[in-house]
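Here the structure comes first, spelled out in structure tokens, and everything after it is commentary.
These values consider heavy atoms only, across backbone and side chains, with no hydrogens, waters or symmetry-generated copies. Atoms within each ligand, like the ligands themselves, are counted from 1 in listed order.
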Amino acid sequence: MSDITQRFSTGAPQNLEERFASRAAHMKPSEIRSLFAVASRPEIVSLAGGMPNLSALPMGMMADVVDNLIRNNGQEALQYGNGQGHPKLREQICEVMALEGIRANPDDVLVTTGSQQALDLISRIFLDPQDVVLVEAPSYVGALGTFHQYEASVVHVETDEDGLVPTALAEAIKTVRATGRKIKFLYTIPNYQNPSGVLLPASRRTEILSICREAGIFVVEDNPYGLLGFDKPSPNAMRAEDSENVIYLGSFSKTIAPGLRVGWALVPPSLKEKLVIASESSILCPSNFTQLTISSYLANQPWRDQIASFCELYKERRDVMLESLDEYFPATAKWTKPGGGFYVWVTLPPEIDTTALMPKAIVAKVAYVPGTAFYADGFGSWSLRLSYCYPTPERIREGVKALGGVIKQEMANRKGFELKG
Ligand code: PMP
């Protein structure tokens, strides 16, 4: 092969697996990602993805914000910035967090490329292979993927309709420690959890904080949905009660726009330096352009009213989904009744395998996420996540009706099979 053909050859290099670092073996596409390709076909009602619904965001106003930014402050907006994040935005982030009872110093805020990057950075500085991370059962698939890539061992802790169960947490800590393994942190989503939609009450927050503090385990509080409560404001953030032991993650993805990719971590001062260095090594600095877009939006636009409009839009869709579930799902199915956020978690009779059911749902033109995606240990096969955030109310009704039909048919088939067998 000539030099030039070799250079432009598109075939994969030989022995690629051997050449990768061993951690690359843990980098696998998530169940959700492969599902999205199918679910995004226009004829399918996708109740799978958790995409924010930007139809409530006035695009003309966003265009003005960006236009003014480039015309009046383009030199700064298009330049490299500060590794920790823009100082003005860090101050404004503290004002946003004050809505959930947090009093914070902008110096302790690290701006990240979405809160997903914060999850990666925290994992990078804390997790050695086999270290344990405690998470809710079920938990956010993107966090599980990150912990997995750092070769951590994920241990799920029991939840009920009020979220994480404190006694189960205390028990899990004891059990894991008896095996000699190190627990590095508890990862929790206390508000309108992804995937269950449940809200952790204030009393449980206090109990969980005290269990973790006494056990010397950090709490990573991931809170992208906290301001999206429909019926009443969510309780104060866990970080409001404990500034020493909680690493708080926030994001503008659900309250402004995910395409800007701006999130943050509010960290105990002792952790800041390591996290900033870790972030600089992956991105040098967060984008000044998107940070200043958000900063100008927060300074000049009625952002609280905008969040209220998002809540109205999501509440209407939540109501339609819950009504449709009542109407079209079998009586033996159970589901959560979220007071905010994007998701409903459905539990079916244990003989129904929601991964195996997916092709039949696709034929019926509806998609969801099978429950096993939200567990690190293969559990959850008879549950599924439905998102109501993106489709129109009519499509939600149509999708739930179709899925209810598929599930009822599957249950009838199984019954027939059992009777015959
Ligand atoms: N945490 C949770 C619980 C999420 O649901 C998401 C996005 N779906 C993220 C973190 C990441 O969000 P982003 O990176 O857009 O801030």
Side-chain angles (χ1 to χ4, degrees), residues 30-33 35-36 39 46-54 57 85 89 93 96-97 100 109-123 133 135-149 154 156 159 163-164 185-200 219-229 234 237-239 247-266 279 282-283 286-287 290-291 293-294 310 314 336 338 340-345 369 373-376 385-390:
S30 76
E31 207 164 322
I32 293 199
R33 184 156 15 127
L35 212 138
F36 276 171
S46 178
L47 305 174
M51 282 203 304
N53 196 320
L54 297 182
L57 189 68
L89 181 65
I93 284 172
V96 173
M97 291 190 291
E100 293 183 86
V109 174
L110 166 70
V111 180
T112 54
T113 303
S115 52
Q116 190 67 34
Q117 192 213 352
L119 284 169
D120 184 70
L121 298 176
I122 290 163
S123 301
V133 180
V135 306
E136 283 134 0
S139 186
Y140 167 50
V141 61
L144 297 183
T146 304
F147 304 149
H148 190 60
Q149 284 196 18
V154 168
H156 289 279
T159 59
L164 197 69
F185 52 83
L186 164 72
Y187 169 72
T188 177
I189 309 156
N191 293 320
Y192 319 119
Q193 202 241 16
N194 181 0
S196 70
V198 304
L199 180 80
L200 190 72
V219 175
V220 176
E221 176 183 25
D222 189 8
N223 188 29
Y225 305 101
L227 296 179
L228 298 181
S234 47
M238 296 170 90
R239 167 58 176 72
I247 301 167
Y248 174 96
L249 309 187
S251 174
F252 290 112
S253 287
K254 275 81 184 184
T255 49
I256 305 180
L260 292 169
R261 307 304 303 131
V262 179
W264 69 92
L266 169 66
S279 181
S282 60
I283 61 164
S287 156
T290 59
Q291 287 184 93
T293 299
I294 288 190
F310 275 128
Y314 294 132
T336 54
F342 288 3
Y343 310 107
V344 172
W345 181 251
V369 185
F374 305 97
Y375 286 88
R385 188 192 75 178
L386 298 179
S387 311
Y388 49 79
C389 45
Y390 197 73

Task: Close approach of Phe252 to ligand 1, heavy atoms, under 4.0 angstrom - done: no
- [ ] Drop me the distance from Leu89's CG to Phe252's CZ, to the nearest 0.5 angstrom.
- [x] 5.5 Å
TODO: Just go through Ser139, Gly50, Ser115 and tell me whose heavy atom is the nearest to atom 10 (C) of ligand 1.
DONE: Ser115
TODO: Identify the protein heavy atom lying closest to atom 1 (N) of ligand 1, giving its residue, its atom name and the separation to 0.1 Å.
DONE: Asp222 OD2, 2.5 Å
Open item on the list: Give the atom numbers and elements of ligand 1 that come within less than 4.0 Å of a heavy atom of Ile189.
Closed with: 3 (C)
Task: Gap between atom OG1 of Thr113 and atom CD of Gln291 - 0.5 Å precision - done: 8.5 Å
Open item on the list: Does ligand 1 come near enough to Thr113 that some N or O of the ligand is less than 3.5 Å from an N or O of the residue?
Closed with: no
TODO: Answer with yes or no whether Gly263 contacts ligand 1, where contact means a heavy atom under 4.0 Å from a ligand atom.
DONE: no
Task: Among Tyr225, Tyr390, Tyr140, Tyr388, ring-ring contact (aromatic ring centres under 6.0 Å, His included) partner for Phe342 - done: Tyr225
Open item on the list: For atom 5 (O) of ligand 1, what is the closest protein heavy atom, and at what distance to 0.1 Å?
Closed with: Tyr225 OH, 2.6 Å
Task: Distance filter under 4.0 Å to Ser251 heavy atoms, resulting ligand 1 atoms - done: 13 (P), 16 (O)
Task: Ligand-side contact atoms (ligand 1) for residue partner Arg261, heavy atom cut-off under 4.0 Å - done: 13 (P), 14 (O), 15 (O)
Task: Per-residue contact class, Lys254 against ligand 1 - non-hydrogen pairs under 4.0 Å - done: side chain
Task: ligand 1 atoms in contact with Gly114 (distance to a heavy atom under 4.0 Å) - done: 13 (P), 14 (O), 16 (O)
Open item on the list: Test your reading of the structure: does Tyr343 have an N or O sitting under 3.5 Å from an N or O of ligand 1?
Closed with: no
TODO: Would you please test Leu227 and Val96 for side-chain contact (heavy atoms from CB on, under 4.5 Å) and show each step?
DONE: CA-CA 9 Å; Leu227 296 179; Val96 173; 4.1 Å; yes
- [ ] For ligand 1, note which part of Pro224 has a heavy atom under 4.0 Å away: side chain, backbone, both or neither.
- [x] side chain
- [ ] Determine yes or no for a side-chain-to-main-chain donor-acceptor pair under 3.5 angstrom, with Glu221 supplying the side chain and Ala237 the backbone.
- [x] no
Open item on the list: Any donor-acceptor pair under 3.5 Å linking the side-chain atoms of Asn53 with those of Tyr314?
Closed with: no
TODO: Take Leu199 and Tyr192 through the test side-chain contact (heavy atoms from CB on, under 4.5 Å) and record every step on the way to the result.
DONE: CA-CA 5 Å; Leu199 180 80; Tyr192 319 119; 3.7 Å; yes
